Structures are given as structure tokens and as C-alpha cells.
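Only a predicted model underlies this, so the values are computations on that prediction, with no experimental measurement involved. For this chain, numbers begin at 1 and follow the sequence in order. Every number for a ligand or one of its atoms is a count from 1 in the order of the listing.
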Amino acid sequence: MYQTLTFLHSTFRWLVLLSLVYAIFTAYKGYFSNKKFSKTDNSVRHWTATIAHIQLVLGITLYSQSPVIRYFWKNFNEAKESLDLLFFGLIHIFLMLFSIILITIGSAISKRKTTDQEKFKTMLIYFIIALAIIFIAIPWPFSPLANRPYFR
Ligand code: HEM
């Protein structure tokens, strides 16, 4: 169960990143070339938020099953001194939750905007900020915070 969840959560990161980069590219092109906000653009907005929500569910499930997290909360006083444990116990979840909230709010505001320009602009701003935070909060092999492989 734990191994399957780790595999799914690790692999799903690529879909989260790809969808966000594609949505940002779509919003950038739409905004700067005064395009009409098409049905496809709306699907891109919708699916980017949905993919982030699926990763959130995988993350919460993994959090409840992980021996790393169990160890962190059982031995909080010593464990908080280890950056690796503090990262997975608090930093990762906090930053990821914050960025998924940004994606959700950005997507909802964009949907309610009345002009196509405003729809693209809202998507662009919220999704870029969320992508930057997600990038920092992923335990890349080169991250100064915590390291996990690119693929499981
Ligand atoms: C966009 C959102 C997220 C992305 C891209 C992401 C990405 C990742 C990646 C790449 C790993 C390393 C997996 C590995 O060991 O190979 C990881 C680990 C982990 N993530 Fe996330 N994550 C996200 C959101 C969340 C959320 C919201 C939670 C919790 C509520 C969470 C909980 C965890 C836990 C507990 C681990 C480590 C488990 C362990 O090593 O035992 N993640 N995440």
C-alpha cells in the first residue's frame, strides 16, 4: 500500500507539472494575443485544477500511511531537528496545500470573470505563483531541503 502510494504520488508529480506548464502557456498566449477564451482553454483550466486535486488526495492518503510521518509525529522533539523529517512532516504539506488552494481559487475566479482577457490573466497569475511554490516544495534530487529520486 505504502509503496504503491509513493509510486503513484511520485509519478503524478509529472502530470501536475506538465498540466500547469501547459495551462500557463495557454493563458500567456491567450492574454498576449487577445485570443477568445475557447472551450478548450476552459478544459485546460478545469483539468489543471482537477489533476492538482487528485495529487492532493494521493498526498493526504500517503501522509496517513507513511512510516516517515508516523516517526515524525511520535518523536516530534528530536525529529523536528532533522530537515528531511521536518520537510515531509510539515514543510511539504504546508507549501503544497497552499499552492493547491491558489490553483483552486485562481481557477474559480477565472471562471467567473466576464471578459476573456481577465480569464486568461487570472489563470496566468495564480498558476505561475502555484507552479513556483510547487517547484520549490518537490524533493528533487538537487533540492537543498530533501531528496527523493525523479522516478520510483
Ligand atoms: C502538487 C502537489 C504535490 C506534489 C507535486 C508532490 C510531490 C511529491 C514528491 C515528488 C514526493 C517524493 C516521492 C518519493 O518518495 O519518491 C512526495 C512525497 C511526499 N508527499 Fe507530496 N506532493 C504534493 C502534495 C502533497 C500533499 C498535499 C501531501 C500531504 C497532504 C503530500 C504528502 C507527501 C508525503 C507524506 C511524502 C513522503 C512520504 C514518505 O517518504 O514516506 N504531498 N511528494
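Between Tyr2 and ligand 1, at least one pair of N/O atoms sits closer than 3.5 Å. No N or O atom of Thr6 sits closer than 3.5 Å to an N or O atom of ligand 1.
Within the 4.5 Å cutoff, no side-chain heavy atoms of Leu62 are placed close to those of Leu58. By the 4.5 Å heavy-atom criterion applied to side chains, Val16 and Phe12 are counted as neighbours. The side-chain heavy atoms of Ile134 and Met96, taken from C-beta on, include a pair separated by under 4.5 Å.
Close contacts of ligand 1 with Ile134, meaning ligand atoms under 4.0 Å from a residue heavy atom, involve 1 (C). Distances below 4.0 Å separate heavy atoms of Leu56 from the following atoms of ligand 1: 27 (C). Each of the following atoms of ligand 1 lies closer than 4.0 Å to a heavy atom of Ile69: 35 (C). Per-residue contacts place Val68 under 4.0 angstrom from the following atoms of ligand 1 (heavy atoms of the residue considered): 39 (C), 40 (O), 41 (O). Those atoms of ligand 1 that come under 4.0 Å of a heavy atom in Arg13, given as number and element, are 5 (C), 10 (C). Within the listing of ligand 1, atoms 38 (C), 39 (C), 41 (O) sit less than 4.0 angstrom from a heavy atom of Ser66. The Ile60 neighbourhood of ligand 1 comprises atoms 29 (C), 30 (C), with distances under 4.0 Å to a heavy atom of that residue.
Minimum interatomic distance between Ile103 and Ala52 (heavy atoms only, all atoms of both residues): CD1-CB, 4.0 Å. Across Tyr2 and Gln65, no two heavy atoms sit closer than the pair CD1-O, 4.2 Å. Across Thr122 and Gly106, no two heavy atoms sit closer than the pair CG2-O, 3.7 Å.
Looking only at heavy atoms of the protein, atom 14 (C) of ligand 1 is closest to Arg152 NE, 3.2 Å. The nearest protein atom to atom 34 (C) of ligand 1, hydrogens excluded, is given as Leu62 CD2, 3.8 Å; this is a heavy-atom distance. With hydrogens left out, the protein atom closest to atom 37 (C) of ligand 1 is Phe88 CD2, 3.4 Å, a heavy atom. In this structure, the protein non-hydrogen atom closest to atom 13 (C) of ligand 1 is Ser10 CB, 3.8 Å. In this structure, atom 26 (C) of ligand 1 lies nearest to the protein heavy atom Gly59 CA, 3.9 Å. Scanning the protein for heavy atoms near atom 22 (N) of ligand 1, the closest one is His9 NE2, 2.7 Å.
Using a 4.0 Å heavy-atom cutoff, Pro139 is listed among the residues neighbouring ligand 1.
Checking Gln3 against Thr6 by side-chain atom types alone, no donor-acceptor pair falls below 3.5 Å. If you check the side chains of Arg45 and Ser107, you find a donor sitting under 3.5 Å from an acceptor.
Of all the heavy atoms of Leu58, none lies under 4.0 Å from any atom of ligand 1, so neither backbone nor side chain is involved.
The CD1 atom of Ile100 sits 12.0 Å away from atom CD1 of Ile51, with the distance rounded to the nearest 0.5 Å.
In summary, the aromatic rings of Phe37 and Phe120 are positioned with their centroids under 6.0 Å apart.
Proximity of a side-chain donor or acceptor of Gln55 to a complementary backbone N or O of His9 within less than 3.5 Å is detected.
Counting just the N/O/S atoms of His92, the one with the shortest distance to atom 21 (Fe) of ligand 1 is named NE2.
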